[in-house]
Trainee: 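Encoded as structure tokens, here's the structure I'll be asking about.
Numbering of ligands and ligand atoms starts at 1, following listing order. Just so you know, these numbers use all the heavy atoms, side chains as well, and skip hydrogens, waters and symmetry mates. Here the structure is a predicted model, which means the values were calculated and not measured.
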Amino acid sequence: MLFIHLQVVRETPDRYHNGRVPIKSRQKRFHVFSSGFINSLTNNLITLIYKIMNLPYAEPFKTKMVENIYRSTKDQREKWIADASFNLFNLRSEQVYIDLLTDSGTGAMSDKQWASIMVGDESYAGSSSYYHLKEAIKELTGFDYFLPTHQGRAAENVLFSVLVKAGDIVPGNSHFDTTKGHIEFRKATAVDCTVDTASDTTSPNPFKGNVDTGKLENVLKATAADKISCVILTITNNTVGGQPVSMANIREVHKLSKKYGIRLIIDSARFAENAYFIKTREEGYADKDIRDIAREMFSYADGMTMSSKKDAIVNIGGFVGFRDEELFRQASTYNIIFEGFITYGGMSGRDMNALAQGLYEGTEFPYLESRIKQVAYLGQKMKEYGIPVLEPFGGHAIFIDAKRFIPDFPKEEFPAQTLALEFYIEGGIRGAEIGALMADRDPVTRANRYPALEMVRLALPRRVYSNNHMDYVAAVVRNVFEKRNDIRKGFKIIWEAPIMRHFTVKLDRV
Ligand code: F0G
């Protein structure tokens, strides 16, 4: 038996002291201590002191509760995966030893988040929890209006119900699959304008998530403005490997959108990780606080969708943020139909409290540093074993390049899915295919789409696994890599859903 650890986080100023809802004066004091200036000063000072003392970084939290996990045998796993029709989504979680399927909703909440759950206000309308969340969103994004939703795709559903019509074009940088799903479901078209280097897993470009502004301008020029729903900028860019978008690029995309009179919406699931990369990679941002960087990123947008299950470190939740009151009003109707009243959306009061607290914790530099360095630790280990991984390493996951891992493998037999299944059978690790299976069929021709990138994503839940777990994961992938010449046959589809097939697909060995 090994364990996953939950943590105590002691980095954010007390918001729920002794479980009491903060009174006004406490809130004021909180604002003073969480202001960009003090934060930036403290973080920079701590980083400097550790540098001078020649000490490495370490997690800014400790373990308070553990969850046991079961290490199964290879025979068990071979049976379980066949019973699951070779679809990793069909496994029971007990059948997985280290679960890297997603970093979404799988993070460990802090003691302060759990404490905030106890003081959630479950009033149907106008709860204090709603106002805590509103305050946190305003402070971190600058948006005056927001609608709570039960998760990110619900935020997309609410916003796109207003913005996206049949026949529309929605340009962006590698729309996430649910985003694309919502666009295509409305008979509109998502146009990918990501930079070309994004499909080269060896290119060292530090901002491979960027939009190619030339491609974007061509789309904006060629299409009537009333046929473009909005431009969607996904930060970080999950689909091409958790790669960041630079501030310079966000600014450029903003300028182009303004020039053509189109709204810019930020898909913000991993906005804090994006801010970390801007701080550590982009000139002029090294001394800026993460929250100031976040506010600047959002200052270029007209709205945002958020899956809070990622950078806000909660198990469920999301929201839509708006600058414009009129758009907020229009979207409110859809929120009420699909999600719930506008002051709770799809969330309970306690969930909104935990989310407000999580937004603050997720934008602390020491936390982000430990998170992103753990991802890099796993990537570096794999690199040392010669495993072809996407570089630079992403913010939330390590992506294994299936085309380089098994180069002659037929694309029709789903190479990345085949590898993901091998990793599970070898060591009980569950990753996710980001390749042809997920790319689905063309909605018009129904032909299979074969994307440039064919990868297995190993996404790290936040504040959950230790670096010993990372060593184990790297060793499992190494074992499969050493046997790669024996991997000759892949999988065929025996049943698939008409849209977003990868979640429920049934496969069999070729
Ligand atoms: N946008 C991005 C960039 C995402 O990565 C996700 C979810 C969503 C939107 C949708 O949010 O799941 O809360 O409805 N990504 C998860 C993942 C599922 O595993 O990458 P959701």
Trainee: Can you tell me which residue and heavy atom of the protein come closest to atom 7 (C) of ligand 1, and the distance to 0.1 Å?
Mentor: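 Result: K310 NZ, 2.5 Å.
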
Trainee: What is the closest protein heavy atom to atom 9 (C) of ligand 1, and at what distance does it sit?
Mentor: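 Result for atom 9 (C) of ligand 1: E156 OE2, 3.4 Å.
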
Trainee: Under 3.5 Å, is there a donor-acceptor pair linking the side chains of S129 and D121?
Mentor: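 There is no such pair between these side chains.
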
Trainee: Output yes when a side-chain donor or acceptor of Y472 lies under 3.5 Å from a complementary backbone atom of G427, and no otherwise.
Mentor: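 Pair found, side chain donor or acceptor close to backbone of G427.
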
Trainee: Counting from 1, what ligand 1 atoms have a heavy atom of T234 closer than 4.0 Å?
Mentor: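 Ligand 1 atoms under the 4.0 Å threshold to T234: 3 (C).
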
Trainee: I want to know if ligand 1 touches G152 in the polar sense, i.e. an N/O pair below 3.5 angstrom.
Mentor: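 For ligand 1, there is an N or O atom that lies under 3.5 Å from one belonging to G152.
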
Trainee: In this structure, which one of R462, K310, K309 forms a salt bridge (Lys or Arg N to Asp or Glu O under 4.0 Å) with D103?
Mentor: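 The passing option is R462.
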
Trainee: So which heavy atom in the protein is nearest atom 21 (P) of ligand 1, and how far is it from that ligand atom?
Mentor: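 For atom 21 (P) of ligand 1, the nearest protein heavy atom comes out as Q151 NE2, 3.3 Å.
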
Trainee: Between the main-chain N or O of S72 and the side-chain N or O of R77, is there a donor-acceptor pair closer than 3.5 Å?
Mentor: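 Answer holds: yes.
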
Trainee: Hey, are K381 and D471 close enough for a salt bridge, meaning a charged N less than 4.0 Å from a carboxylate O?
Mentor: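 So K381 pairs with D471 through a salt bridge.
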
Trainee: If you have a sec, work out which protein heavy atom is nearest atom 1 (N) of ligand 1 and how many Å separate them, to one decimal?
Mentor: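 Ranking protein heavy atoms by distance from atom 1 (N) of ligand 1, first comes D267 OD2, 2.7 Å.
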
Trainee: R457 to ligand 1: N or O pair under 3.5 Å?
Mentor: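 N/O-N/O distance under 3.5 Å: yes.
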
Trainee: Can you tell me if H396 contacts ligand 1 (heavy atom of the residue under 4.0 Å from the ligand)?
Mentor: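 In this structure, H396 fails to qualify as a contact of ligand 1 - no heavy atom is under 4.0 Å.
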
Trainee: Considering only protein heavy atoms, which is closest to atom 12 (O) of ligand 1, and at what distance to one decimal place?
Mentor: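 Of the protein heavy atoms, R153 NH2, 2.8 Å lies nearest.
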
Trainee: Run the salt-bridge test on E364 and R291 with the 4.0 Å N-O cut-off and return the result as yes or no.
Mentor: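 Salt bridge between E364 and R291, a charged N being under 4.0 Å from a carboxylate O: yes.
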
Trainee: Between ligand 1 and T236, is the shortest N or O to N or O distance under 3.5 Å?
Mentor: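 N/O-N/O distance below 3.5 Å does not exist for this pair.
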
Trainee: Among all the protein's non-hydrogen atoms, which is closest to atom 13 (O) of ligand 1, and how far away is it?
Mentor: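 Going by distance alone, atom 13 (O) of ligand 1 is nearest to S307 OG, 2.6 Å.
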
Trainee: Do N238 and ligand 1 have an N or O pair less than 3.5 Å apart?
Mentor: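 Right, the criterion is met.
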
Trainee: Please write down residue, atom name and distance for the protein heavy atom closest to atom 10 (C) of ligand 1.
Mentor: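 Here the closest protein heavy atom is T178 OG1, 3.5 Å.
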
Trainee: Hydrogens and angles aside, do S370 and E59 bring a side-chain donor and acceptor to less than 3.5 Å of each other?
Mentor: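 Result is no, nothing qualifies.
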
Trainee: Check step by step if salt bridge (Lys or Arg N to Asp or Glu O under 4.0 Å) holds for R449 and D440.
Mentor: CA-CA 6 Å; R449 291 189 276 213; D440 219 319; 5.8 Å; no

Trainee: Hey, which atoms in ligand 1 end up nearer than 4.0 Å to a heavy atom of K309?
Mentor: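 Under 4.0 Å from K309, ligand 1 has these atoms: 13 (O).
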
Trainee: Looking only at protein heavy atoms, which one is nearest to atom 8 (C) of ligand 1, and what is the separation?
Mentor: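 Residue, atom and distance for the closest contact: F176 CD2, 3.4 Å.
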
Trainee: Do any nitrogen or oxygen atoms of R270 lie less than 3.5 angstrom from nitrogen or oxygen atoms of ligand 1?
Mentor: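 Looking only at distances, the answer is yes, because the N/O contact criterion of under 3.5 Å is met.
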
Trainee: Listed by chain and number, what are the side-chain contact (heavy atoms from CB on, under 4.5 Å) partners of T333, not counting sequence neighbours?
Mentor: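 Listed in chain order: I337.
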
Trainee: Mind checking whether H254 and Y300 have parallel, tilted or perpendicular rings, split at 30° and 60°?
Mentor: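 Taking Y300 first and then H254, their aromatic rings sit tilted (interplane angle of 30° to 60°).
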
